[in-house]
2 protein chains.
Amino acid sequence: MNIAEAAKHTGLSRKTIRYYEQQGVIPPAKRSANGYRLYDTAQLGCLLFIKRARELGFSLNDSQELLSISQDPGRTSASVKKKAELHLQKINHQIAQMQKMKEVLEDVVGECMGDEQTHCPILDKLNKG
Amino acid sequence: MNIAEAAKHTGLSRKTIRYYEQQGVIPPAKRSANGYRLYDTAQLGCLLFIKRARELGFSLNDSQELLSISQDPGRTSASVKKKAELHLQKINHQIAQMQKMKEVLEDVVGECMGDEQTHCPILDKLNKG
DNA sequence: TTTAAACGTTACAGCAGCGGTAAGGTCAAA
DNA sequence: TTTGACCTTACCGCTGCTGTAACGTTTAAA
């Protein structure tokens, strides 16, 4: 199948698929006589793997490494778990950070009248900490 | 004061301060005879404002607009509140997304033995959804 | 048969928000 | 006088794509 169909099957854009290939995230696609990229179910599997890893927030680099591990018959689940736990820590850290932002924002938004007056607790917060 | 001192006072790096100026986020600094940038308390105030806005997750563009609004005597708190609420929505959306990632990750990490065996629920998840 | 659309290709630019590095000028103290 | 700590501009790199240009191919309709 051509790239458009691969895109339809995976939900990735054609640009993204080409980008993944260019970055070496997935092996280079075979080409038909006219130079068009050709995809089979194995390639679709790679693409879907990367897509799911990305949806779980893994970096493209991590996603690629996970794909490599997945295709290695001599892998251990320990190596995967380690990566996932590290990633989970990052996610938790980011959530905590955004939660703090959220709380402050809700505070000041709650205090702000949002009317035609000049006084604004939100700006006060930004001006004085 | 020179840029290094301004950096020390604000907690921003010298690169960041120059970048903000170049992007028009803050007004261009005055220069001493030798071409060095000079900062006074007003400039420090701008820098701190931007820093705090960034810490609340506002984009650099939004931060700049908030600074403009803050410096406009004819502003209304409504205009600020609107921006803040919009931003809060984005934050909430992002938190929700990361929470979903977190839950899935905790699930599969919990199921993974993390030993020397090949079988791995994390990879299963990535391979089959 | 021609032509127009809908594909395909490569290559380069751009987005956010800086950090790193190079290549140079300036200034204060030892 | 020299050393080290400043300062300047300018450009590349990072992440993960998306958009655009400029071009070739295939397919379907007119």
Side-chain angles (χ1 to χ4, degrees), chain A residues 1-26 28-40 43 46-67 86-87 90-91 94 97-98 101, chain B residues 1-26 28-40 43 46-67 86-87 90-91 94 97-98 101:
Chain A
M1 75 183 72
N2 285 339
I3 197 169
E5 204 173 346
K8 194 183 291 178
H9 278 291
T10 58
L12 298 168
S13 76
R14 283 155 296 182
K15 291 293 277 184
T16 298
I17 294 176
R18 279 190 281 252
Y19 177 71
Y20 286 174
E21 176 178 331
Q22 189 211 337
Q23 296 301 305
V25 175
I26 53 168
K30 288 172 180 166
R31 303 292 184 122
S32 63
N34 54 18
Y36 288 13
R37 285 177 180 81
L38 290 176
Y39 297 88
D40 57 16
Q43 298 270 334
C46 288
L47 288 169
L48 282 171
F49 185 102
I50 297 297
K51 190 194 178 200
R52 295 192 190 107
R54 297 284 299 125
E55 284 169 354
L56 285 182
F58 285 103
S59 73
L60 204 44
N61 209 340
D62 280 354
S63 301
Q64 176 187 351
E65 288 182 25
L66 287 170
L67 178 60
L86 224 79
H87 177 52
K90 286 185 199 166
I91 295 271
Q94 289 182 43
Q97 235 179 339
M98 306 203 76
M101 292 179 188
Chain B
M1 74 182 72
N2 286 338
I3 197 170
E5 205 173 346
K8 194 183 293 180
H9 277 290
T10 58
L12 298 168
S13 75
R14 283 154 297 183
K15 291 292 277 185
T16 298
I17 294 176
R18 279 190 282 252
Y19 177 70
Y20 287 174
E21 176 178 330
Q22 190 211 336
Q23 295 302 306
V25 174
I26 53 168
K30 288 172 181 167
R31 304 291 184 121
S32 62
N34 54 19
Y36 289 13
R37 286 177 180 81
L38 291 175
Y39 297 88
D40 57 16
Q43 298 269 336
C46 288
L47 288 170
L48 282 171
F49 185 103
I50 297 297
K51 191 195 177 198
R52 296 192 188 108
R54 298 284 299 128
E55 285 169 352
L56 286 182
F58 285 102
S59 71
L60 205 44
N61 209 341
D62 279 355
S63 302
Q64 176 185 353
E65 287 181 25
L66 286 170
L67 178 59
L86 224 81
H87 177 51
K90 286 184 198 165
I91 296 269
Q94 290 182 43
Q97 235 179 338
M98 307 202 75
M101 292 179 188

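Small disclaimer: the values here were computed from a predicted structure and weren't measured.
Counting heavy atoms of neighbouring residues, nucleotides and ligands inside a 6.0 Å radius, atom CZ of B:R14 does not exceed 12 of them.
For the OP1/OP2 pair of C:dA16 and a distance below 4.0 Å, the side-chain nitrogens and oxygens of B:S59 include no atom meeting the criterion. The phosphate of D:dT15 has neither OP1 nor OP2 within less than 4.0 Å of any side-chain N or O from A:Y19. For A:Y20, no side-chain nitrogen or oxygen approaches OP1 or OP2 of D:dG16 to under 4.0 Å. Under 4.0 angstrom from either OP1 or OP2 of D:dC7 there lies no side-chain N or O belonging to B:R37. For the OP1/OP2 pair of D:dT26 and a distance below 4.0 Å, the side-chain nitrogens and oxygens of A:N34 include at least one atom meeting the criterion. Taking only side-chain nitrogens and oxygens, A:S13 never comes nearer than 4.0 Å to OP1 or OP2 of D:dC17.
Atom CG of B:D62 and atom CG of B:L67 lie 12.5 Å apart (nearest 0.5 Å). Note that CG of A:L38 is 9.5 Å distant from NZ of A:K30, once rounded to the nearest 0.5 Å. Atom CD1 of A:I26 and atom CD of A:Q43 lie 6.0 Å apart (nearest 0.5 Å). We find the OG1-CD distance between A:T16 and A:E21 to be 13.0 Å, quoted to the nearest 0.5 Å. Distance OG1/B:T10 to CD/B:E5: 11.0 Å, rounded to 0.5 Å. Atom NZ of B:K8 and atom CG of B:N2 lie 11.5 Å apart (nearest 0.5 Å).
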Grab the N/O contacts between the protein and nucleotides 1-5 of chain D below 3.5 Å, and write none if there aren't any.
none

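Here D:dT25 presents its C1' atom at 15 Å from CZ of A:R14, a figure rounded to the nearest Å. D:dC7 atom C1' lies 15 Å from atom NZ of B:K8, rounded to whole Å. Between the CG atom of A:N61 and the C1' atom of D:dG13 there is a distance of 15 Å, given to the nearest Å. With rounding to whole Å, B:I3 atom CD1 is found 17 Å from C:dC27 atom C1'. What separates CG of A:L60 from C1' of D:dG13 is a distance of 16 Å, to the nearest Å. We find that CG of A:L38 is positioned 12 Å from P of D:dT26, with the value rounded to whole Å. The interatomic distance linking A:Q64 (CD) with D:dG16 (P) rounds to 11 Å, in whole Å. Put simply, CE on A:M1 is 12 Å from P on C:dG8, counting in whole angstrom units.
For A:Y36, counting side-chain heavy atoms from C-beta on, the closest listed nucleotide (C:dC18, D:dT8, C:dG8) is C:dG8. Closest to the side chain of A:K15, out of D:dT9, D:dT18, D:dC6, is D:dT18. Nearest nucleotide to the A:R31 side chain, out of C:dC18, D:dG16, C:dT9: C:dT9.
Checking side-chain atoms of B:H87 against main-chain N and O of B:L56 turns up a donor-acceptor pair under 3.5 Å.
Both A:R18 and B:F58 lie close to DNA chain C; mapped to their nearest nucleotides by heavy-atom distance, the more 5′-ward contact belongs to A:R18.
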